[in-house]
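Note sheet for the following structure.
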Amino acid sequence: MNMQARSEALPSSPVTQPGGQDDRLRNRDLLPSARQDWNWYDYLSFWMSDVHSVGGYVTAGNLFTLGLPSGLVFAALLLGILIVNVLCNLVAAPSQRTGTPFPVVCRMSFGVLGANIPALIRGVIAVCWYGIQTWLASNALVVLALRLAPDLTPWAQVGLHGMLGLSAVGWGAFGLLWLVQAAIFWRGIETVRRFIELAGPAVYAIMIALDLYLLQRVGWRHFSFHITGAGIPLHGDALVWASVNAVALVVSYFSGPMLNFGDFARYGRSASDIRRGNFWGLPFNFIGFSALTICTIALTAPAFGHVMIDPVETVAHIDSLTAVIFGMLTFIIATAGINIVANFVSASFDFSNLSPRHISLRGGGMIAAAGSIVIMPWKLYGSPHVMHLTLDVLATFIGPLFGILVCDYYIVRHRQVDVAALYTIDPQGCYWYRNGINPAAILALFVSVVIGGASVFVPTLSALSGFAWFIGCLTGGLCYLALMKPTCTN
């Protein structure tokens, strides 16, 4: 469907229209995008911002703690990202074709009013991730502040000068990044676009410089991809199971950006541009970044005496103050990049969809930003146990939403969309179902969340907790197909 067809199908006036079009379902931000001019490089930049972050580095590094050799870590990273690439191409199609964001696309499967349920769920998830990523980046700012001003050390101790589990310096760093990210978002999607085009490539320069510094420090003869001290070596079935878990971890880490990708695919110039950008931004770029990550982690043991999987810790050990400043600022900018594109923008669309006449895209963004403080993300990600629990719980909701959306578009509707019906409360509309809600989608979501949640909270199923996204995606999609009958064949 081209842009002219969309503009003819949807009147621009926000007042109630004949046939049931109503401002309860629409505002300027939720209508089909007036511009579809993002090319393949914009999507490469999008994924560079997603991948090049403290979280992406730590995720790759954590695979070594499973006891996997470097070769299998690299293989798991490659297989996992290839799966992510395929899934992102699938979820991009309905948004690129219609020019609409995720909550509007969900109206096809959940109903024009029922779509508020997945929008609210994804909005809460995005707020959690927004807070977590802001806090992770603020840790780098704290390290940098203490390096520049050691006298602040007492103020960085929660026991001496802290509130609600965060030190005074921690609050200052968190608040500063909170304001910077909000300011970038407030200036609009074009500012976000320019920001991510700069943030991603900068990390490559710093990573290469960091590796060269470490190589110069330890010498080539001490460099080896065999990383010791990062985990107990595994063999036999345990090695195979850990490898499968590693692939699942990669997919789970990107499950949020995958679900949110439609919010940016709507600006795509063509489906081929999106697929090309995804290829260079996911398999090609991710493997390049992972190779640098593995090199850096391998060099930390001979350079500093033990393995470091946190880039903030690695940079903090560098002797040169100038290098520390550039390194920390780069990781801060990169993490802000993923936060804005993966969480801030998406949560804004979700909250705007809840009440389009009252909440604009900017208003939704401010709700998300405020929520990121209320949830106190340092408590959600403050220990390895809580971190994994948080990831698994979020995955139990993300997976079903992805499965239902994809199965509805490709199998139930055979890629056919009535864009005008996405904005009408007319009971004759094909996305009205029962009072604007599709019971099949709601039931499929409930069943899949319960089944996925069982893998997280039932002790006997704990071995499956890392597969919560896959379990939720498959059960959600299959339940939806079993319950759903084609109802809109335009």
For the residue pair [X] and [Y], is the inter-centroid distance of their aromatic rings smaller than 6.0 Å?
{"X": "Phe286", "Y": "Phe254", "answer": "yes"}
{"X": "Tyr43", "Y": "Phe261", "answer": "yes"}
{"X": "Trp469", "Y": "Phe402", "answer": "yes"}

With a 4.5 Å limit on heavy-atom distance, are the side chains of [X] and [Y] in contact?
{"X": "Phe467", "Y": "Val244", "answer": "yes"}
{"X": "Leu30", "Y": "Pro101", "answer": "yes"}
{"X": "Phe397", "Y": "Leu445", "answer": "no"}
{"X": "Val324", "Y": "His317", "answer": "no"}
{"X": "Asp263", "Y": "Pro103", "answer": "yes"}
{"X": "Ser272", "Y": "Trp40", "answer": "no"}

[X] atom [atom1], neighbour heavy-atom count above 12 within 6.0 Å:
{"X": "Arg217", "atom1": "CZ", "value": "yes"}
{"X": "Trp171", "atom1": "CH2", "value": "yes"}
{"X": "Phe284", "atom1": "CZ", "value": "no"}

Between [X] and [Y], which heavy-atom pair has the shortest distance, and what is it?
{"X": "Leu282", "Y": "Cys88", "answer": "CD1-SG, 4.2 Å"}
{"X": "Trp178", "Y": "Ser372", "answer": "NE1-OG, 3.4 Å"}
{"X": "Ile318", "Y": "Arg147", "answer": "O-NH2, 2.8 Å"}
{"X": "Phe174", "Y": "Gly131", "answer": "CE1-O, 3.8 Å"}
{"X": "Trp155", "Y": "Asp151", "answer": "CD1-O, 4.4 Å"}
{"X": "Ala368", "Y": "Val127", "answer": "CA-CG2, 3.7 Å"}

Starting at [atom1] of [X], measure out to [atom2] of [Y] and round the result to the nearest 0.5 Å.
{"X": "Ser255", "Y": "Asn260", "atom1": "OG", "atom2": "CG", "value": "9.0 Å"}
{"X": "Trp280", "Y": "Tyr41", "atom1": "CH2", "atom2": "OH", "value": "13.0 Å"}
{"X": "Ile367", "Y": "Asp350", "atom1": "CD1", "atom2": "CG", "value": "11.0 Å"}
{"X": "Ile471", "Y": "Ser448", "atom1": "CD1", "atom2": "OG", "value": "11.0 Å"}
{"X": "Leu214", "Y": "Ile297", "atom1": "CG", "atom2": "CD1", "value": "11.5 Å"}
{"X": "Leu87", "Y": "Cys473", "atom1": "CG", "atom2": "SG", "value": "7.0 Å"}

Among Thr396, Thr475, Leu461, find the residue that satisfies the side chain to side chain contact (heavy atoms under 4.5 Å, CB included) test when tested with Ile451.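 Among Thr396, Thr475, Leu461, the one that satisfies the side chain to side chain contact (heavy atoms under 4.5 Å, CB included) with Ile451 is Thr475.
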According to the salt bridge (charged side-chain N to carboxylate O under 4.0 Å, His left out) rule, which pairs have a member within residues 73-84, sequence neighbours left out?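 Every pair satisfying salt bridge (charged side-chain N to carboxylate O under 4.0 Å, His left out) with a residue in residues 73-84: there are none.
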Kindly indicate, with the supporting measurements, whether the criterion side chain to side chain contact (heavy atoms under 4.5 Å, CB included) is fulfilled by Ile325 and Leu148. CA-CA 9 Å; Ile325 293 173; Leu148 295 173; 3.8 Å; yes
Verdict with reasoning, Val169 to Leu141, per side chain to side chain contact (heavy atoms under 4.5 Å, CB included): CA-CA 9 Å; Val169 176; Leu141 190 55; over 6 Å; no
Would [X] and [Y] count as having a side-chain donor-acceptor pair, cut-off 3.5 Å?
{"X": "Asp29", "Y": "Ser352", "result": "no"}
{"X": "Asn85", "Y": "Asn278", "result": "no"}
{"X": "Arg276", "Y": "Asn39", "result": "no"}

Are the side chain of [X] and the backbone of [Y] linked by a donor-acceptor contact shorter than 3.5 Å?
{"X": "Asn353", "Y": "Phe349", "value": "no"}
{"X": "Gln36", "Y": "Gln96", "value": "yes"}
{"X": "Asn285", "Y": "Gly281", "value": "yes"}
{"X": "Thr100", "Y": "Ser95", "value": "no"}
{"X": "Ser290", "Y": "Ile287", "value": "no"}
{"X": "Tyr409", "Y": "Ile404", "value": "no"}
{"X": "Arg122", "Y": "Ala347", "value": "no"}

Decide yes or no on side chain to side chain contact (heavy atoms under 4.5 Å, CB included) for Leu299 and Phe304, but give the supporting numbers first. CA-CA 8 Å; Leu299 286 165; Phe304 304 117; over 6 Å; no
Results of salt bridge (charged side-chain N to carboxylate O under 4.0 Å, His left out) for Arg269 - residues two or more places apart only: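 Applying salt bridge (charged side-chain N to carboxylate O under 4.0 Å, His left out) to Arg269 gives Asp273.
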Go through the steps to decide whether Ile125 and Leu259 satisfy the test side chain to side chain contact (heavy atoms under 4.5 Å, CB included), and finish with yes or no. CA-CA 11 Å; Ile125 292 172; Leu259 190 66; 5.9 Å; no
